[in-house]
Amino acid sequence: MKSLCFSPRTASLSISRQSNSPSLSSTARRRFSQSAIEQAIDAAAAIIMKWDAETSAYAGVTSLFHESKREAMQFTKSVNELQDIMHSLVSDQDSGSEKFSQAQRLMQIAMKRLQKEFYQILSTNRADLDPESVSTRSSRTSTSMSDYDDDGLPDDEIRTAGDSITELEDVSSTAMSDLKLIADCMIASGYAKECIRVYKIIRKSIIDEGIYKLGIEKLSSSQVNKMDWDVLDLKIKNWLDAEKISLRTLFKGERILCDHVFSSSDSIKESCFAEISKEGATLLFGFAELVAKAKKSPMEKMFRVLDMYTAISEDWQEIETIFAFESVSAVRLQAINSLVRLSESVLSLLTDFESTIHKDSSKAMTPGSGLHRLTMYSMDYLTLLADYGNILTDIISDWPPPAKSSSPESFFDSPVSDDSPRPAISVRIAWLILVLLCKLDCKSKHYNDVSLSYLFLANNLQHVISRVRASNLMYLLGEEWITKHEAKVRQFAANYERLAWGQVFASLPENPMASMTGGKAKECFMKFTSSFEDAYSKQCSCVVPDLKLRDEIKASIGTKVVAVYREFYDMHKSTVGEESREKLFVRFSPEDVGNYLSELFFATVSSGSSSTSSSTSSHHHRYMRSLLRA
């Protein structure tokens with residue numbers, strides 16, 4: 001509601017929108033007798049002149065609000081009464097009288113004093129009115145007391161600690177109350193501009209200092225682009241901490257203080273908060289946009305971008321609440337722009353990741369048909385991506401899915417109900433794994449021995465499945481995906497077994513217990529020995545990093561070789577002739593064959609190890625960077 005408010009400096013009436021300021025209906029419309037006016041002016045003069053720093057040395061070095069809270073309350077009460085008298089004199093057409101001039105001089109002296117008190121309270125209580133103290137005082141109290149209880153401190157120490165915390169709270173609460181009292185009085189008296197100027201200068205310096213201490217600095221796009229990744233990565237880590245602290249303490253605390261001190265005027269508290277926080281908050285959220293637009297090649301950037309997107313999106317409700325004023329809409333707009341740029345960067349990096357897989361043109365065969373570096377790196381990357389499932393779902397929800405016809409083999413072959421389509425993130429992750437598997441299929445063709453190609457495919461697909469099972473990828477892809485690809489691993493393993501050990505299987509008779517001549521037995525023993533030595537010599541350098549797959553392959557081979565050979569050996573060993581001649585035809589006992597087979601697939605190959613060392617991991621990153629530069 002609009003109300004008339006008197007401005008003592010201009011001796012005129014002005015329109016004020018402060019709904020909570022003293023209203024003419026209750027004060028200014030009162031009529032005072034001449035004697036009452038004189039008494040009120042004399043009473044106001046007594047206390048106001050006492051605290052006039054220009055006429056009193058005591059007033060020049062002493063704080064009114066610190067010295068006597070009771071006298072400070074009387075001072076502001078006298079100022080409010082003086083304003084009522086001045087309104088009454090104006091209403092009585094007596095604004096040119098000596099009494100009015102005296103009241104006006106007293107008002108100016110009083111406002112000067114209150115302005116000084118306002119400045120002193122803000123300055124001397126910086127530690128108690130810092131945004132962190134204002135915003136977290138209550139939570140810190142409860143936390144501190146619970147910590148003391150947990151430590152089992154004596155009751156007297158707990159009381160001492162509690163008294164200390166209470167004392168700190170009292171100082172902060174008292175300072176805030178004093179500031180509000182002065183602000184209300186100055187605004188009602190028409191001195192809002194002086195009050196606001198002091199508040200903005202001191203409080204903005206605190207916010208700017210807080211932003212500086214949090215490591216937030218003004219940077220240009222070119223400066224960010226020129227930074228080494230390690231330097232930029234450190235700044236991003238720092239920003240992630242700074243964003244949380246600044247929102248939960250710095251800006252939230254300032255908003256609380258601003259709202260309290262200037263509760264009598266919505267327009268004033270809005271303009272003060274905007275001028276104090278707008279620059280620092282825009283600088284804070286602007287950094288995220290600079291990072292999003294930075295032209296950096298390291299794939300590690302993806303996870304920093306996702307971290308920044310997560311930070312802003314998770315705090316969005318708080319951002320909207322703290323910066324709800326229209327005058328700070330630029331802060332909300334900057335935060336939104338940063339989210340958009342970060343999401344665009346994520347989509348671009350996902351495209352780059354897929355392109356990196358496609359670009360891998362190395363033809364070098366992985367020793368022992370073990371794990372390819374591309375497999376390990378890609379699954380490390382996808383496993384980390386899966387930890388951001390919810391955020392990625394938000395980012396790529398509107399991103400067109402890959403075309404089903406883009407690959408000869410597709411995850412999309414599995415039936416998907418139109419009523420419950422798969423989430424976009426699940427489709428995208430499945431697609432990226434499919435791109436990887438197709439690339440591995442191409443690489444498997446570089447082996448001259450086809451059996452090694454199948455072992456290579458089995459090893460690498462098994463690694464993919466293991467990483468899926470042990471991470472959040474399992475929840476994105478589902479049990480059906482895992483079951484389908486486990487069947488492919490078994491198929492690859494069976495093909496490897498058939499091609500690598502088929503000659504050994506074929507060298508033994510279908511019925512090892514059937515009777516045969518000594519010559520036929522010798523021929524079978526010699527054929528088995530030759531085929532087994534040939535197969536073993538080719539397969540002894542092979543590796544199967546996955547324990548479960550390794551045991552399954554060895555068990556399958558052992559069942560088809562050792563068990564059958566043992567029956568044949570026991571049945572026909574004696575038919576080959578004397579012991580001296582026996583060694584010429586029977587080179588291996590069943591135990592020998594079992595021991596040889598048990599030693600298979602343990603070969604140590606740097607690229608085929610199931611557990612990568614830090615140096616191997618570093619090598620993988622160098623490998624991928626070389627692909628990115630290609």
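What you see is a predicted model; the values in this text were computed from it and never measured.
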Mind checking what makes side-chain hydrogen bond (donor to acceptor under 3.5 Å, both in side chains) contact with Asp387, not counting sequence neighbours? Asn472
Using 0.5 Å steps for rounding, measure from the OG1 atom of Thr76 to the CG atom of Asp178. 9.5 Å
Kindly write out the residues that satisfy side chain to side chain contact (heavy atoms under 4.5 Å, CB included) with Ile201, not counting sequence neighbours, or none if the list is empty. Arg197
If the condition is side-chain hydrogen bond (donor to acceptor under 3.5 Å, both in side chains), which residues does Lys237 pass it with, not counting sequence neighbours? none
Electrostatic pair Asp233-Lys301, nearest N-O below 4.0 angstrom: no
More than 12 heavy atoms of other groups within 6.0 Å of Glu270 CD: yes
Stepwise side chain to side chain contact (heavy atoms under 4.5 Å, CB included) test for Lys293 and Ser345: CA-CA 7 Å; Lys293 294 191 294 186; Ser345 180; over 6 Å; no
Say whether Thr282 and Gln334, considering side chains only, have a donor N or O and an acceptor N or O under 3.5 Å apart. no
Please report the C-alpha distance between Val224 and Lys235 in whole Å, then the side-chain angles of each, then the deciding distance to 0.1 Å, and finally whether the side chain to side chain contact (heavy atoms under 4.5 Å, CB included) criterion is met. CA-CA 10 Å; Val224 173; Lys235 287 187 176 294; over 6 Å; no
Atom CD of Gln120 with >12 non-hydrogen neighbours under 6.0 angstrom: yes
Taking only residues two or more places apart in sequence, or in another chain, which ones meet Glu67 in a side chain to side chain contact (heavy atoms under 4.5 Å, CB included)? Trp51, Tyr58, Thr62
Side chain to side chain contact (heavy atoms under 4.5 Å, CB included) evaluation trace for Val261 with Met176: CA-CA 7 Å; Val261 173; Met176 290 174 69; 5.5 Å; no
Is it true that Glu71 and Lys50 have a side-chain N and a carboxylate O under 4.0 angstrom from each other? yes
Heavy-atom check, side chain of Ile182 versus side chain of Ile121, under 4.5 Å: yes
Return yes if some donor-acceptor pair links the side-chain N/O of Glu318 with the main-chain N/O of Asp315 below 3.5 Å, else return no. no
Geometric cation-pi criterion, Arg70 with Phe75: 6.0 Å, 45°: no
Out of curiosity, Arg203 CZ to Ile207 CD1, how far, rounded to the nearest 0.5 Å? 6.5 Å
Please list every donor-acceptor pair under 3.5 Å in which a side-chain atom of residues 389-397 meets a protein atom from a residue at least two apart or in another chain.
unit_1 : atom_1 : unit_2 : atom_2 : d
Thr393 : OG1    : Gly389 : O      : 2.7
Asp394 : OD2    : Tyr309 : OH     : 2.6
Ser397 : OG     : Asp394 : O      : 3.3

Restricting to salt bridge (charged side-chain N to carboxylate O under 4.0 Å, His left out), what partner residues turn up for Lys180, sequence neighbours left out? Asp184
Sequence neighbours excluded, the answer for salt bridge (charged side-chain N to carboxylate O under 4.0 Å, His left out) partners of Glu320 is none
Give a yes or no on whether the backbone of Tyr191 and the side-chain of Ser189 come within a donor-acceptor separation of less than 3.5 Å. no
Tell me whether Arg332 contacts the main-chain N or O of Phe325 through its side chain, where contact means a donor paired with an acceptor under 3.5 Å. yes
Are side-chain heavy atoms of Tyr212 and Ile216 found at a separation under 4.5 Å? no
Which heavy atom of Leu214 sits nearest to which heavy atom of Asn238, and what is that distance? O-ND2, 2.8 Å
Salt bridge (charged side-chain N to carboxylate O under 4.0 Å, His left out) involving Lys116 - partner list, sequence neighbours excluded: none
Atom pair CG/CD of Leu179 and Glu117 - distance to nearest 0.5 Å: 10.5 Å
Charged N to carboxylate O below 4.0 Å: is that the case for Glu209 and Lys204? no
When you look at Ile433 and Leu382, which way does the side chain to side chain contact (heavy atoms under 4.5 Å, CB included) test go after all the steps? CA-CA 8 Å; Ile433 292 180; Leu382 292 174; 3.6 Å; yes
Between Thr249 and Ile245 (side chain of the first, backbone of the second, donor and acceptor by atom type, cut-off under 3.5 Å), is there such a pair? yes
Mind jotting down which residue pairs meet the salt bridge (charged side-chain N to carboxylate O under 4.0 Å, His left out) criterion with at least one end in residues 341-351? Sequence neighbours excluded, please. Glu289-Arg341, Arg341-Glu344
Would you say NZ of Lys269 has more than 12 non-hydrogen atoms from neighbouring residues, nucleotides or ligands within 6.0 angstrom? yes
Who are the side chain to side chain contact (heavy atoms under 4.5 Å, CB included) partners of Ser221, not counting sequence neighbours? Asn225, Leu290
Any Lys/Arg nitrogen of Asp52 or Lys112 sitting under 4.0 Å from an Asp/Glu carboxylate oxygen of the other? no
Ser338 side-chain N/O to Ala288 backbone N/O, donor-acceptor pair under 3.5 Å: no
Going by heavy atoms in the side chains, are Phe251 and Val331 under 4.5 Å from each other? no
Using only atom types and a distance under 3.5 Å, with no angle test, would you say the side chain of Gln83 pairs donor to acceptor with the backbone of Ala188? yes
Can you name the side chain to side chain contact (heavy atoms under 4.5 Å, CB included) partners of Asp241, sequence neighbours left out? none
Which residues pass the salt bridge (charged side-chain N to carboxylate O under 4.0 Å, His left out) test with Lys77, sequence neighbours left out? none
Lys252 vs Thr321 side-chain heavy atoms within contact, under 4.5 Å: no
Using a 4.5 Å cut-off on heavy atoms from C-beta on, say whether the side chain of Phe262 contacts that of Cys195. yes
Does Trp431 reach the side chain of Glu354, with side-chain heavy atoms less than 4.5 Å apart? yes
Is any side-chain heavy atom of Glu194 less than 4.5 Å from a side-chain heavy atom of Tyr199? no
Just checking Phe303: does its CZ atom have more than 12 heavy atoms from other residues, nucleotides or ligands closer to it than 6.0 angstrom? yes
Phe273/Phe323 aromatic ring centres below 6.0 Å: yes
So Met302 and Leu385, do their side chains get closer than 4.5 Å, heavy atoms only? yes
